[in-house]
Amino acid sequence: MTTFAELGVDQDIVEALATKGIVDSFPIQEQTIPLGLPGQDIIGQAKTGTGKTFGFGIPVVQRLGLDPAPGVKALIVVPTRELAVQVYEDMDMLTSNRSTSVVAIYGGKAYEGQIDQLKAGAQIVVGTPGRLIDLNNQRLLDLSGATEVVLDEADKMLDLGFLADIEKIFTKVAPVRHTQLFSATMPGPIVALARRFMTNPIHIRATDPDEGLTQANIKHLVYRAHSLDKDEIIARILQAEGGTKAVIFTRTKRAAQKLVDELNDRGFNAGSVHGDMSQEARERSMAAFKAGKKDVLIATDVAARGIDVDDVTHVINHTIPDDEKTYLHRAGRTGRAGKTGIAVTFVDWDDLHKWALINRALEFGQPEPVETYSSSPHLYEDLDIPAGTKGRIATAPKTQSVRTQKPGRAADAAADTGEDGSRRRRRRRSGTTPVGSTFTEGVDAGASAPASTEARASDASDQDGAGTHDGAGKEHHDGKPAVARRRRRRRHSGGNAPVQGA
DNA sequence: AAAAAAG
């Protein structure tokens, strides 16, 4: 493992990182920082929670040097306000030992403070497109001196919903500049599109082509559940697991609001983040969750990307996401910085085709979600919860459907954590786990190529294997047929992945 | 189609 100092990072930045207990670099950092420092344009791709922010952030800070001249020299664009806050905090930390000033520019907040900071000469701007353009139109934000430009969650920023804004922003920044695009997912067509804004970019993928498409530290489970029962099941999961720190994703803002109210009624300490909340309330929820004052966060896809909270144990998809990229980003809120996590997905009857798509794209090799038999409430108790396998789901029943269960059943379950738990573990070890309840740990077919990084400027293939490939993307990562690669399932990293922070 | 992002 390489230290940041060994990568050529300035001493004051190394010290700032060390203050946070960060000394060793992650692979994406090890690969992009030496290229980013001299100004190479980069498309940086690495799995969720593996350190992309510092991968682009350190070169940005270092390249600005110690020039005291006020004015915007660097621009980092992100898709959500919460991510703007987070990346701002990271950049603020990196610059803590130098005079470089950072400002977060995003909507839902008073203009005044942001404008004041710009007038005071802020040099690094982290922001969301709407407010950036707004202030630029008002001639309060001059981007013409921005020679460092980053798109974080770049594929999202170049998606239809953002593309027009991004194109506009690129007409405002310095024409001769250093441009970096980072994301965990980079479909081929997006890479091709991205080149319009870059100069001879190099595409770095800090992933071992053999290790699969998903984060190895995350265990994935999928269940079919009737939508009317999901609140109950989720409550039971949270209860049964104990000590959970969970992010629960819903498809709509209304569903998020309904679920947070429901869980709080049941005595959970839950917060929410979605676009119908005031920005103040959104940030309060995020801060409380990050600080551990709330242990459940219910969110729309506003929190699917980039948000970094320590020690999230579970991601629960109350509603299955629309595509494999969103699945990957949502699940990636757990299993960060080498830690392990669990992603549980509930699939409504109507959404089975979405599961089929995700299953295929992410090469899970999982044919069908496990049925939870919503019509037979007592079977919820047999829902095979993976994590600590702390026993059955033993929450006191609340809903009508569960109250109809046979008397004594819940009490039995609550008391029965010993024998049943070990029986369950034996069953899993012996391979008779209900079909498909877990499928992260696959058979290791042996041959494991050494981790390699592809860094070919001409390569436009994607990592998530899903989107349409453009011409250059047709070759395989390792020259072997796709089927062979698919068969070689990822190995479970034995918890020896580097731990950053803390 | 929903969510996000200016107000």
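So you know, we letter chains A, B, ... as the sequences are listed, proteins then strands, and number each from 1.
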Among all residues two or more places apart in sequence or in another chain, which pass the side-chain contact (heavy atoms from CB on, under 4.5 Å) test with [X]?
| X | value |
| --- | --- |
| A:Asp231 | A:Lys258, A:Leu259, A:Glu262, A:His318 |
| A:Ser285 | A:Val273, A:Met277, A:Leu297 |
| A:Ala110 | none |

Revision key, fill the gap. Under a 4.0 Å heavy-atom criterion, the protein footprint on nucleotides 1-7 of chain B, written with B, S and -, is BSBSBBS
Check your understanding: With sequence neighbours excluded, what pairs up with A:Phe162 under the ring-ring contact (aromatic ring centres under 6.0 Å, His included) test?
Key ->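 Residues passing ring-ring contact (aromatic ring centres under 6.0 Å, His included) with A:Phe162: none at all.
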Exercise for review: Could I get the full list of salt bridge (Lys or Arg N to Asp or Glu O under 4.0 Å) partners for A:Arg336, not counting sequence neighbours?
Suggested key: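 If we apply the salt bridge (Lys or Arg N to Asp or Glu O under 4.0 Å) test to A:Arg336, skipping adjacent residues, the hits are A:Asp308.
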